[in-house]
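Working notes, beginning with the structure itself.
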Number of protein chains: 2
Amino acid sequence: MVTVYDVARLAKVSSATVSRAVNNPEAVSDETLARINKAIGKLGYAPNRIAQSLKTRSSATVGVIIPDITNPFLVKVVKGVEKTLSAAGYTPILCDTEESPEKEERYLHDLLARRIDGLVLVPAMDSQVAVPLLKKRGLPTVFVDRFISPDFDCVKSNNVSGLALLVGHLFQQGRTHIRMIGGPQRTVVGRERNEAFLALLDRYRLPRNESSLVQGDFTIEGGYRLAVEMLKVRPHPQAIISANNLMGIGALKAIREAGLRFPDNLDLVVFDELGDMGELLDPPLTFVRQPALEMGAQAAEMLLERMRGGGMPTPRSLVFEPALVSR
Amino acid sequence: MVTVYDVARLAKVSSATVSRAVNNPEAVSDETLARINKAIGKLGYAPNRIAQSLKTRSSATVGVIIPDITNPFLVKVVKGVEKTLSAAGYTPILCDTEESPEKEERYLHDLLARRIDGLVLVPAMDSQVAVPLLKKRGLPTVFVDRFISPDFDCVKSNNVSGLALLVGHLFQQGRTHIRMIGGPQRTVVGRERNEAFLALLDRYRLPRNESSLVQGDFTIEGGYRLAVEMLKVRPHPQAIISANNLMGIGALKAIREAGLRFPDNLDLVVFDELGDMGELLDPPLTFVRQPALEMGAQAAEMLLERMRGGGMPTPRSLVFEPALVSR
DNA sequence: CTGTTAGCGCATTCAA
DNA sequence: TTGAATGCGCTAACAG
């Protein structure tokens with residue numbers, strides 16, 4: 001492997017000057033710079049980032065931990081993060097926890113041992129150790145979507161207004177008997193959407209009882225199962241809201257299997273988008289879109305600020321307004 | 001940060017012994033081992049992988065470069081890779097080139113500078129530098145899906161038999177006037193599927209002319225555009241084959257917009273699957289499935305072998321048989 | 001503007 | 001079984 005010393009020898013300078021030529025060219029005279037660059041070209045030298053990291057105590061690396069790489073929303077968030085981070089010279093390391101707190105913890109320790117400079121985290125549902133661990137280590141961190149600690153920066157979208165868009169849409173369509181496949185109460189996102197739903201039923205003076213809301217788990221299978229149950233009860237609701245995209249997919253499957261003509265007999269609307277194929281559904285679903293790309297980009301920006309500005313200002317939350325995509 | 005020296009001091013041993021205790025516990029007496037472990041626990045010591053890497057010249061890191069993180073097939077491949085790689089103690093670094101050779105090259109250099117131990121590569125369509133670069137550096141590499149050099153290991157699926165499944169299916173349905181939205185000729189995958197299609201038309205004695213096959217680009221937009229063109233011509237084909245999943249999405253959209261009842265007036269079948277939402281299409285598409293998870297896992301296995309077995313046996317190709325999912 | 005020196009944290013000789 | 005010494009490749013004082 002070619003090192004600074006090889007370059008130094010060829011260019012007849014010291015290793016320190018080679019280092020300067022690479023990292024701070026202004027500090028080197030034009031002629032030596034030229035000589036060094038020629039040597040670098042000839043030898044095909046590239047700095048060993050491992051050695052750099054050890055010396056500078058900065059790996060130019062950022063962890064990105066998400067619970068499901070299959071989720072179109074998260075993929076877009078990751079794309080946004082990746083774009084602004086790599087533009088700033090950082091390499092993101094993407095980890096998929098598959099919603100498992102144990103995996104999350106393992107990844108966290110691995111990333112920490114790799115001396116990441118920062119972290120973008122969408123915590124797993126039952127994440128327990130992440131928050132205290134990160135707090136102790138003082139690692140610059142930005143949470144996305146799931147706001148589980150007021151001590152960290154967070155980028156999320158407004159679940160209350162998002163749900164208001166959904167309920168308002170249904171109300172306008174004249175649907176009054178509405179039920180929701182909600183999120184898990186143990187997650188903030190789930191709680192926020194669930195509570196918003198119940199409050200909205202009251203605000204619109206729509207019928208509400210204990211079966212208006214069932215607790216889901218944000219998975220396709222869960223959405224399917226709960227929708228099947230819902231459809232067993234007569235009369236059907238006039239509309240079902242799914243608290244996230246994955247459960248919406250499951251619910252749609254259940255509706256199809258029940259032989260119901262959607263949206264004639266029954267309308268289905270979803271919080272969050274379904275990806276490229278969403279518009280291919282016939283008829284297409286109405287849903288609420290979160291600006292995922294933008295959210296990812298902003299999360300990365302916040303992280304960059306934190307990583308630069310050694311200081312620790314108070315944590316900030318950035319809340320995006322979702323938009324109704326009516327079909 | 002807590003180092004071997006901190007542990008050494010607390011346990012009243014040398015740093016070397018601490019290192020042994022961590023990496024090779026058998027080489028340390030039971031009592032000192034116990035003392036060291038206690039100290040490790042008390043201090044919360046974890047080895048600095050950066051320093052380890054510098055010393056051992058191995059980063060326990062593997063690059064995974066793919067052209068599109070949005071593609072459900074690739075996501076599954078990545079999942080497969082990730083699973084077996086992380087089980088073996090490696091951390092994958094995922095990079096999305098968005099089908100851009102320039103991005104691919106940048107990532108490659110970055111990963112090389114980070115001293116990755118190996119690489120799983122799904123090259124961008126016009127990838128030029130990757131092969132010579134990797135060959136020169138001698139980095140253990142496994143290609144997936146796109147077999148662009150006989151000098152490297154490769155995991156792919158059998159495009160010829162996959163297409164045979166598709167054409168055979170249509171033939172059985174009595175469709176004789178078939179056209180295909182093909183892949184780009186400049187990619188191996190595209191060429192293989194295109195040629196297979198033409199050969200199959202002949203084998204089944206189906207009508208074939210210069211408009212039987214149009215060259216696509218494997219994108220949603222491209223598939224849409226070409227399908228629109230196809231549908232302008234009278235009479236319509238009885239069936240359209242899309243050479244990949246993304247173009248299939250576009251084609252389906254075009255068919256819908258043309259007001260054609262699918263599959264009554266026109267059948268559409270696709271090479272590769274459409275992800276979780278595929279089965280929600282009404283009616284569902286018939287497609288050919290590649291064992292993506294398995295392919296990823298096997299690619300990782302091959303890579304592990306290469307990384308361990310310093311030697312360089314001849315490159316191997318692993319070809320998977322796709323399966324027809326008939327709807 | 002340039003060179004000398006030292007050390008980041010660790011694993012690995014080589015002796016003991 | 002253990003310790004002392006060394007160097008992985010680089011950058012950052014500090015001198016000159």
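Below, read A as the first sequence line, B as the second, and so on, with proteins coming before strands; counting in each chain starts at 1.
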Considering every strand and a 4.0 Å limit on heavy-atom distances, what is the contact class for B:Ser53: base, sugar-phosphate, or nothing?
nothing
Listed by chain and number, what are the side chain to side chain contact (heavy atoms under 4.5 Å, CB included) partners of A:Arg186, not counting sequence neighbours?
A:Met125, A:Asp126, A:Pro184
Would you list the pairs meeting salt bridge (charged side-chain N to carboxylate O under 4.0 Å, His left out) in which at least one residue belongs to residues 2-22 of chain A, sequence neighbours left out?
A:Asp6-A:Arg9
Can you list the residues that meet the side chain to side chain contact (heavy atoms under 4.5 Å, CB included) rule with A:Lys55, with sequence neighbours excluded?
none
Show the distances under 3.5 angstrom between N or O atoms of the protein and N or O atoms of nucleotides 7-10 of chain D.
| residue | atom | partner | partner atom | Å |
| --- | --- | --- | --- | --- |
| D:dG7 | N2 | B:Lys55 | NZ | 2.9 |
| D:dG7 | N3 | B:Lys55 | NZ | 3.4 |
| D:dC8 | O3' | B:Arg57 | NH2 | 3.0 |
| D:dG9 | OP1 | B:Arg57 | NH2 | 2.8 |
| D:dC10 | OP1 | A:Tyr45 | OH | 2.7 |
| D:dC10 | OP1 | A:Asn48 | N | 3.1 |
| D:dC10 | OP2 | A:Val4 | N | 2.5 |
| D:dC10 | N4 | A:Tyr5 | OH | 2.9 |

Have a look at the helix from C:dC1-D:dG16 to C:dA16-D:dT1 and give the angle its two end axes make, five pairs each, rounded to 10 degrees.
40°
Atom CD in B:Glu102, atom CD in B:Gln128: separation rounded to 0.5 Å?
10.0 Å
Chain A vs DNA chain C, heavy-atom contacts under 4.0 Å, first-to-last nucleotide span, 5' to 3', is C:dC1 to C:dG9
Tell me, which pairs form a salt bridge (charged side-chain N to carboxylate O under 4.0 Å, His left out) where one or both residues lie in residues 26-52 of chain A, sequence neighbours left out?
A:Arg49-B:Asp110
Applying ring-ring contact (aromatic ring centres under 6.0 Å, His included), name anything that partners B:Phe143, two or more places apart in sequence or on another chain.
B:Phe152
Going from CG on A:Leu134 to OG1 on A:Thr141, what distance comes out if it is rounded to the nearest 0.5 angstrom?
4.5 Å
What are the atom names and distances for every N/O pair under 3.5 Å that joins the protein to nucleotides 14-16 of chain D?
none

Run the side chain to side chain contact (heavy atoms under 4.5 Å, CB included) test against B:Lys79 and tell me which residues pass, sequence neighbours left out.
A:Asp68, A:Ile69, A:Thr70, A:Asp96, A:Glu98, B:Leu293
If you compare all heavy atoms of B:Pro92 against all heavy atoms of B:Val64, which two are closest, and at what distance to 0.1 Å?
CB-CG2, 4.0 Å
Reckon B:Val13 touches a base, only the sugar-phosphate, or nothing at all at heavy-atom distances under 4.0 Å?
sugar-phosphate
Hey, what do you get for CG (B:Leu119) to CE (B:Met307), rounding to the nearest 0.5 Å?
10.5 Å
Which residues pass the side chain to side chain contact (heavy atoms under 4.5 Å, CB included) test with B:Val129, not counting sequence neighbours?
B:Glu105
Mapping B:Leu33 and A:Ala16 to their closest nucleotides on DNA chain D, which lands nearer the 5' end?
B:Leu33
Output every pair passing salt bridge (charged side-chain N to carboxylate O under 4.0 Å, His left out) with a member in residues 133-149 of chain B, not counting sequence neighbours, ordered by first then second residue.
B:Glu99-B:Arg146, B:Lys135-B:Asp151
Taking atom NZ of B:Lys156 and atom CG of B:Leu318, what is their separation to the nearest 0.5 Å?
11.0 Å
